[in-house]
S.K.: 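Starting off with a structure, shown below.
For the numbers below, each heavy atom of this structure counts, side chains included, while hydrogens, waters and symmetry mates do not.
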Amino acid sequence: MKTQPEGRAVMLGRYIIENRTTVRGAARNFGISKSTVHKDVSERLKQEDPELYEKVKDILEINKKERHIRGGLATKRKYAEIACRRKKIRHF
């Protein structure tokens with residue numbers, strides 16, 4: 001995705017708001033690094049579109065507060081999958 005950083009920052013900001021996604025999710029969707037997304041929405045977007053920046057900042061704050069919950073759920077899924085695989089192995 002080769003675009004001007006300022007235009008990309010606005011596109012990323014709109015995507016994060018519309019999809020209520022994380023920095024990681026936006027990076028995956030646009031094929032760029034988390035660092036680039038973070039720099040775009042925290043620095044460039046503030047200069048380019050301050051109103052959009054405030055909305056994105058609110059969503060990223062919510063994500064930050066919820067990340068420990070998502071991490072716990074991911075760990076729970078991981079170990080459930082491991083247990084399921086072990087169960088299948090024992091049946092053969």
S.K.: Hey, are the side chains of Ile82 and Lys78 touching, using non-hydrogen atoms and a 4.5 Å cut-off?
M.R.: yes

S.K.: Below 4.0 angstrom, N of the basic side chain to O of the carboxylate: do Glu48 and Arg44 qualify?
M.R.: no

S.K.: In this structure, would Ile17 and Ile62 fall into the same cluster of hydrophobic residues linked by side-chain contacts under 4.5 Å?
M.R.: no

S.K.: Rounded to the nearest 0.5 Å, how far apart are CD of Glu43 and NE2 of His38?
M.R.: 8.5 Å

S.K.: Using a 4.5 Å cut-off on heavy atoms from C-beta on, say whether the side chain of Asp40 contacts that of Leu45.
M.R.: no

S.K.: List the residues meeting ring-ring contact (aromatic ring centres under 6.0 Å, His included) with Tyr15, not counting sequence neighbours, and say none if there are none.
M.R.: Phe30

S.K.: Going through the distances and angles, do Ile32 and Val37 end up as a side chain to side chain contact (heavy atoms under 4.5 Å, CB included)?
M.R.: CA-CA 7 Å; Ile32 55 179; Val37 173; 3.6 Å; yes

S.K.: Give a yes or no on whether Arg67 atom CZ has more than 12 heavy-atom contacts from other residues, nucleotides or ligands under 6.0 Å away.
M.R.: no

S.K.: Any chance you could measure Ile16, atom CD1, to Lys55, atom NZ, to the nearest 0.5 Å?
M.R.: 14.0 Å

S.K.: Apply side chain to side chain contact (heavy atoms under 4.5 Å, CB included) to residues Val10 and Leu52 and explain how you reach the verdict.
M.R.: CA-CA 8 Å; Val10 172; Leu52 182 60; 4.1 Å; yes

S.K.: Just how far is it from atom CD of Glu66 to atom CG of Leu73, taken to the nearest 0.5 Å?
M.R.: 10.5 Å

S.K.: Compare every heavy atom of Arg70 with every heavy atom of Asn63, then report the nearest pair and how far apart it is.
M.R.: O-NH2, 3.0 Å

S.K.: Set out, in order, the CA-CA distance, both residues' side-chain angles and the distance that settles side chain to side chain contact (heavy atoms under 4.5 Å, CB included) for Leu60 and Lys64, then state yes or no.
M.R.: CA-CA 6 Å; Leu60 296 181; Lys64 188 174 180 181; over 6 Å; no

S.K.: If the condition is salt bridge (charged side-chain N to carboxylate O under 4.0 Å, His left out), which residues does Arg85 pass it with, not counting sequence neighbours?
M.R.: Glu81

S.K.: Excluding sequence neighbours, so at least two apart, what forms side chain to side chain contact (heavy atoms under 4.5 Å, CB included) with Ser33?
M.R.: Ser35, Thr36

